Amino acid sequence: MDQCLIALKGILGDLAANPAAAGLDRSLSCRLTDLDEVVLGRLGSGAVRDLHVKPHGPEVPKADIRLTMTSDDLVALTDGRLSFGPAWATGRVKLEAGLRDLLRLRKIL
């Protein structure tokens with residue numbers, strides 16, 4: 001899980017630092033299906049903060065931006081073995097958000 005948190009901080013940090021993300025203040029989650037855990041946090045002010053892990057279940061709050069993938073795919077995204085576009089197109093990575101956020105995120109991703 002530590003390796004996944006480091007990888008997620010890297011991906012989300014790059015996303016938050018992108019000029020297209022300026023002004024975003026959204027809750028986010030990343031469900032790691034093989035670990036049955038969810039990483040929750042906040043994207044805003046050019047950074048990702050308050051990352052913490054919870055077991056997946058009905059008590060996990062629904063975030064504004066939601067990612068779903070395996071821990072192996074998360075690590076592969078960060079080390080360059082997997083690109084977001086093809087991973088999303090094949091269903092290995094799922095991204096859910098409101099229409100306004102999706103339009104903004106497509107410029108970044």
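Keep in mind that what you see is a predicted model, and the values were worked out from it rather than measured.
Taking CG of Leu51 as the start and SG of Cys4 as the end, the distance is 12.0 Å to the nearest 0.5 Å. Taking CZ from Arg42 and CG from Leu12, the interatomic distance works out to 13.5 Å, rounded to the nearest 0.5 Å. If you take CG on Leu8 and CD1 on Ile6, they are separated by 11.0 Å, rounding to the nearest 0.5 Å.
Every residue two or more places apart in sequence or in another chain that forms a side-chain hydrogen bond (donor to acceptor under 3.5 Å, both in side chains) with Ser71 is listed here: Asp34. Qualifying side chain to side chain contact (heavy atoms under 4.5 Å, CB included) partners for Leu5, counting only residues two or more places apart in sequence or in other chains: Val39, Val53.
Pairs engaging residues 78-87 under the side-chain hydrogen bond (donor to acceptor under 3.5 Å, both in side chains) rule: Asp79-Arg81 [sequence neighbours left out]. The list of salt bridge (charged side-chain N to carboxylate O under 4.0 Å, His left out) pairs with a residue in residues 89-102, not counting sequence neighbours, reads Arg26-Asp101, Asp73-Arg92. Listed by first then second residue, pairs satisfying salt bridge (charged side-chain N to carboxylate O under 4.0 Å, His left out) with a partner in residues 44-68 read Asp25-Arg49, not counting sequence neighbours.
Val38 belongs to a hydrophobic cluster whose other members, connected by ILVMFWY side-chain contacts under 4.5 Å either directly or through intermediates, are Leu40, Val60.
Annotation for Leu95 and Trp88: closest pair N-CD1, 4.2 Å, computed over non-hydrogen atoms.
The closest side-chain heavy-atom distance from Leu28 to Leu67 is not below 4.5 Å. Side-chain atoms of Leu74 and Val93, non-hydrogen and from C-beta on, never get closer than 4.5 Å to each other.
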